[in-house]
Amino acid sequence: MIIEDTRLFPYDDIEPKWQKFWQDIRLTSVDTADARNKYYCLMMFPYPSAALHVGHGRNYIIGDVVARYKMMRGFKVLSPMGFDAFGLPAENAAIKGGIPPKTSTLNNIKKMKSQFADWGVGYDWDKEVISCLPDYYKWTQWIFVKLYEKGLAYKKKAFVNWCPSCKTVLANEQVVEGKCERCSTEVNQKDLEQWFFRITNYADRLLKDLDKLTEWPERVKIMQKNWIGRSDGVEIDFKIEGSEDILKCFTTRIDTIYGATFLALAPEHPLVPKLIKGSKDEAALLKCVQKMRDESKIERSATDVEKEGIFTGRYVINPVNNEKIPVWIANYILMEYGTGAIMAVPAHDQRDFEFAKKYDLPIRVVIDDPKDPLDAGAMKTSYEAVGVMVNSGQFNGLSSDVSLEKIADHFEEKKLGKRAVQYKLRDWLISRQRYWGAPIPIIYCPKCGIVPVPEKDLPVILPEDVEFRPTGESPLKLSKDFVNTKCPVCGAAATRETDTMDTFVDSSWYYLRYITPHLNDKPFDKETVNKWLPVDQYIGGVEHAILHLLYSRFITKFLKDIDAIGFDEPFKNLFTQGMITKNGIKMSKSKGNVVAPDELIKKYGADTVRLYTLFIGPPEKDAEWSDRGVEGAYRFLGRVWRLVLGYKDNRPSAGKTDPKKWDALKRKTHQTIKKVTEDLDGGFHFNTAISSIMELVNETYDCMGQAAKDDKASEDILTEAVQTVVILLSPFVPNISEEMWQRLGKKNSIFKAGWPVCDKSAMVEESLTIVVQVNGKVRSRIEVPSGIAEEKLKEAVLTDVKIKSFVDGKDIKDFIIVPNKLVNIVIR
RNA sequence: GCCGAAGUGGUGGAAUGGCAUACACGAUGGUCUCAAAAACCAUUAAGCGUAAGCUUGUGUGGGUUCGACUCCCACCUUCGGCACCA
């Protein structure tokens with residue numbers, strides 16, 4: 001029995017053949033010692049998950065297109081890949097299935113690498129980094145120690161999600177509707193000593209330097225700016241009645257100080273226990289405070305959620321008029337922002353307004369609306385705009401924006417407070433009470449206190465013979481061999497820190513390691529790194545717009561400050577790609593809407609899957625996956641395949657004769673070169689680049705049905721069109737393009753062939769079609785010679801039959817000409 | 001809730017102040033074939049009209065403009081992030 005070959009082209013022969021060929025000629029291998037003409041193309045390194053889906057593929061395919069295109073433009077392209085290999089899922093798998101995290105992680109990496117190969121994406125695997133291996137995390141720990149030495153790593157108490165039943169800390173993800181995902185126990189907030197990085201010291205530089213990032217998407221910069229959240233204001237010292245303590249409040253609206261009718265504290269505020277101590281309602285107050293503290297932060301900051309509060313029974317003194325102001329505790333005040341205490345001005349802040357209404361607190365207008373005077377009793381919402389000062393002593397009658405500065409001056413002169421800057425950005429909590437992460441290199445000595453592990457003793461190795469408990473408790477705490485050690489300073493018996501680092505620390509410097517990945521005596525070679533960085537093109541998901549990118553920028557700035565590197569921004573160009581959805585939602589295993597690439601690649605080949613992924617839509621936007629669309633891409637490649645193999649002998653010698661078509665094909669060829677080049681240089685417009693190549697293919701087929709105007713000339717035009725199609729397609733579909741290139745009789749790899757250049761003289765058109773509108777509506781189209789004079793054009797338009805019927809007998813008010821495109825006749 | 005983004009045919013999308021729906025998918029009809037697949041040809045926003053053509057139409061409502069998918073204001077819906085998923 002003969003099984004018929006139903007493939008449109010022999011992708012399964014082609015793909016392994018050329019992938020081996022590229023390996024043999026070391027197409028993607030780069031010696032970083034020589035950085036001349038370098039181009040560093042980087043994709044965000046992935047967390048190793050068991051199976052990649054087509055949504056993941058988008059990132060790698062986009063990066064591969066960029067790398068191959070730049071290669072063809074003559075750059076020395078470094079495109080490395082690695083794995084962000086520490087993290088929660090591997091640990092969960094170990095707890096559930098008993099497979100050690102290292103084993104499952106390395107298995108996943110192996111699977112992923114074979115999937116990369118299936119997609120035909122090429123990396124310089126000599127540069128691979130894996131963040132969970134000691135040769136890498138040694139240097140993550142080294143960065144921690146450097147930060148510690150500079151006072152930028154420190155310990156303080158912070159709240160964590162705590163499951164009282166499992167006796168373990170939970171990630172936000174492990175808290176489902178306020179309950180532990182493992183045992184469904186109500187989760188509460190627990191105070192724990194934890195390690196932080198002082199990223200807030202860099203807040204201002206991280207903010208200001210966003211201006212340097214001219215090649216970043218504006219939306220990402222805006223998100224970072226809002227995340228850093230700089231605000232300028234005044235810190236006021238409120239004296240507490242009957243106490244020596246003072247309450248510090250930060251406000252951006254010092255102009256409203258005379259309207260403060262209560263103070264509100266976060267339930268976590270350190271003075272809360274002291275303030276309510278001895279009160280007759282102490283027990284009830286404490287209970288209420290605890291309830292507020294257990295609410296999640298997102299709930300608490302939501303403005304549509306019911307505001308809750310309780311009066312402490314204490315008062316402070318308003319420094320501008322010596323008024324007694326009651327002190328409340330309120331759920332909408334967050335300890336993390338500002339001082340954890342606010343002066344509440346119900347008349348001029350909506351949240352305070354709602355709180356005052358609920359608890360019947362006074363509302364006093366101190367800024368009046370100049371157009372519509374306010375009546376405190378009748379207000380439905382707060383008045384937050386600029387206005388005229390009233391009820392504000394010596395400042396009455398001034399504009400509120402002027403008194404903002406005057407009152408601030410007044411506070412500083414009388415030493416009642418001082419101008420201050422606040423950031424929303426908080427210090428980076430890097431402690432994780434987990435096993436599968438880089439151990440924090442700290443030793444606690446009973447005599448010497450906190451001692452960082454000296455560089456010569458790094459890495460602090462994560463032990464592998466540990467016991468995983470079903471509760472999720474960190475096995476590090478239970479490992480005596482790990483915990484018990486000697487103090488590196490005095491040699492006394494000491495214990496190790498058992499917290500590990502947030503995986504964002506691992507990923508905040510990996511792009512530096514790629515350049516010189518095998519050094520054992522330093523994290524990277526400074527000189528080489530300085531030549532290759534910043535990264536020329538960084539590509540990844542928009543979901544990383546804030547955290548990962550901000551942390552990387554911070555670590556880069558820190559390394560610059562300690563003179564480890566010579567630049568202070570890591571990524572010059574940033575591209576954030578959209579998600580691939582299926583049935584309107586993000587692809588994920590748990591949703592059961594994952595499209596696996598394996599079967600598609602088997603059925604249509606990698607080039608087809610690549611082409612469809614790129615054609616699906618603008619890469620920065622989300623896109624809906626359709627298996628049908630894949631078939632379309634497959635058929636297109638089949639069409640190109642037949643064109644390339646058969647264009648020479650498949651041409652009819654007689655038929656319709658239209659010599660103009662040949663000139664048009666030459667023009668189209670060069671227009672397509674221009675369009676594709678612009679689409680790749682000006683942005684990542686792969687979808688429109690591909691559609692323009694499709695148009696060229698369609699026009700080439702159309703031309704083949706025409707008799708030649710002269711054999712040699714049309715032969716040349718046709719050959720040029722076909723070769724152009726192949727070379728323009730090559731970054732998108734490398735395997736089939738390389739095969740077709742060789743079949744066209746070329747000897748070298750298509751990626752060494754150089755990018756085609758468009759010939760402007762070939763694009764000149766003799767005549768143009770001008771759209772003619774009457775009052776903005778298209779009424780006709782006329783053919784005119786290109787470069788026609790304005791008067792001649794007017795004449796041609798007005799003698800057009802269709803236009804005459806609209807214009808005759810009417811007053812022409814205006815005659816608008818858009819050169820080479822359109823005219824619009826405005827009639828009354 | 002806050003911050004960011006997006007809403008265009010049956011579907012993915014194109015057009016960033018100048019021809020709305022390029023390119024593709026799907027669908028319908030046809031050619032080839034014993035048949036199918038593949039390929040090729042034609043039609044494909046809606047409504048009216050025998051036709052030439054006309055009218056409406058880019059989430060909703062308003063505005064700016066000779067001209068608006070594009071700019072401005074308000075609203076609605078969907079998606080991403082919100083600091084222990086990475």
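All heavy atoms count here, side chains included; hydrogens, waters and symmetry mates do not. Computed from a prediction, not measured in an experiment: that's the story for all the values here. Letters A, B, ... mirror the listed sequences (proteins, then strands); counts begin at 1.
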task: Indicate yes or no: does Lys675(A) engage Glu678(A) in a salt bridge with an N to O separation below 4.0 Å.
output: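 Judged by the 4.0 Å cut-off on N to carboxylate O distance, Lys675(A) and Glu678(A) do not form a salt bridge.
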query: Taking everything shown except Lys96(A) itself, do over 12 heavy atoms lie less than 6.0 Å from its NZ?
result: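 Atom NZ in Lys96(A) is not packed in, count stays at 12 or less.
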Given the structure, check if the side chain of [X] and the base of [N] hold any donor-acceptor pair shorter than 3.5 Å.
X	N	result
Asn226(A)	C3(B)	no
Gln433(A)	C84(B)	yes
Gln194(A)	C84(B)	yes

Nearest whole angstrom, please: distance from the [atom2] of [N] to the [atom1] of [X].
X	N	atom1	atom2	result
Leu170(A)	C84(B)	CG	P	13 Å
Asn172(A)	G81(B)	CG	P	13 Å
Asp622(A)	A5(B)	CG	C1'	9 Å
Ile430(A)	C85(B)	CD1	C1'	18 Å
Phe504(A)	A83(B)	CZ	C1'	9 Å
Asn820(A)	G18(B)	CG	C1'	13 Å
Ile616(A)	G26(B)	CD1	P	14 Å
Phe615(A)	A22(B)	CZ	P	12 Å

Under 4.0 Å: is that the gap between some side-chain N or O of [X] and OP1 or OP2 of [N]?
X	N	value
Asn687(A)	A14(B)	yes
Arg219(A)	G81(B)	no
Arg639(A)	A38(B)	no
Arg432(A)	C84(B)	yes
Arg426(A)	C82(B)	no

Quantified in whole Å, what is the [atom1] atom distance between nucleotide [N] and nucleotide [M]?
N	M	atom1	value
G12(B)	U58(B)	C1'	16 Å
A6(B)	G13(B)	P	13 Å
A38(B)	A27(B)	P	11 Å
C2(B)	U16(B)	C1'	29 Å
G49(B)	A36(B)	P	37 Å
U21(B)	U8(B)	C1'	7 Å
A68(B)	G18(B)	P	11 Å
G62(B)	C76(B)	C1'	15 Å

With respect to the side chain of [X], which nucleotide from [options] is positioned closest?
X	options	result
Ile816(A)	A83(B), C66(B), C25(B)	C66(B)
Val542(A)	C66(B), G81(B), G80(B)	G80(B)
Leu8(A)	G81(B), C85(B), A38(B)	A38(B)
Phe806(A)	C54(B), G18(B), C23(B)	C54(B)
Arg434(A)	C84(B), G26(B), C23(B)	C84(B)
Glu543(A)	A24(B), G18(B), G80(B)	G80(B)
Pro618(A)	A83(B), A39(B), G13(B)	G13(B)
Asn698(A)	G26(B), C23(B), C84(B)	C23(B)
Arg628(A)	G26(B), C85(B), G7(B)	G26(B)

- prompt: RNA chain B: Asp502(A) or Val220(A), which has the more 5' nearest nucleotide?
  reply: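 It is Val220(A) whose nearest nucleotide is closer to the 5' end.
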- request: Can you spot which of Asp499(A), Thr503(A), Asp502(A) makes a side chain to side chain donor-acceptor pair (under 3.5 Å) with Arg432(A)?
  value: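 That would be Asp502(A); it is the only one of Asp499(A), Thr503(A), Asp502(A) passing the side chain to side chain donor-acceptor pair (under 3.5 Å) with Arg432(A).
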message: Is there a side-chain contact between Phe815(A) and Val823(A) in this structure, where contact means two heavy atoms from C-beta onward sitting under 4.5 Å apart?
response: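 Yes; the side chains approach each other to less than 4.5 Å.
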message: Checking Ser231(A) against Tyr337(A): is there a side-chain donor and acceptor pair closer than 3.5 Å?
response: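 A donor-acceptor contact under 3.5 Å links the two side chains.
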- prompt: Between Gln577(A) and Asn59(A), do the side chains contain an N or O donor and an N or O acceptor separated by less than 3.5 Å?
  reply: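 Their side chains do contain a donor-acceptor pair, which is all the 3.5 Å distance test asks for.
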field: Tyr551(A)-Phe504(A) aromatic ring centre distance below 6.0 Å
entry: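 Here the rings of Phe504(A) and Tyr551(A) have centres that are less than 6.0 Å from each other.
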query: Taking the six-membered ring where the residue is Trp, are the ring centres of Phe9(A) and Tyr634(A) under 6.0 Å apart?
result: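 Ring centroids of Phe9(A) and Tyr634(A) are less than 6.0 Å from each other.
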message: Need the glycosidic conformation of G9(B): syn if within 90° of 0, anti if not. Which one?
response: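 For G9(B), whose glycosidic angle is within 90° of 0, the conformation is syn.
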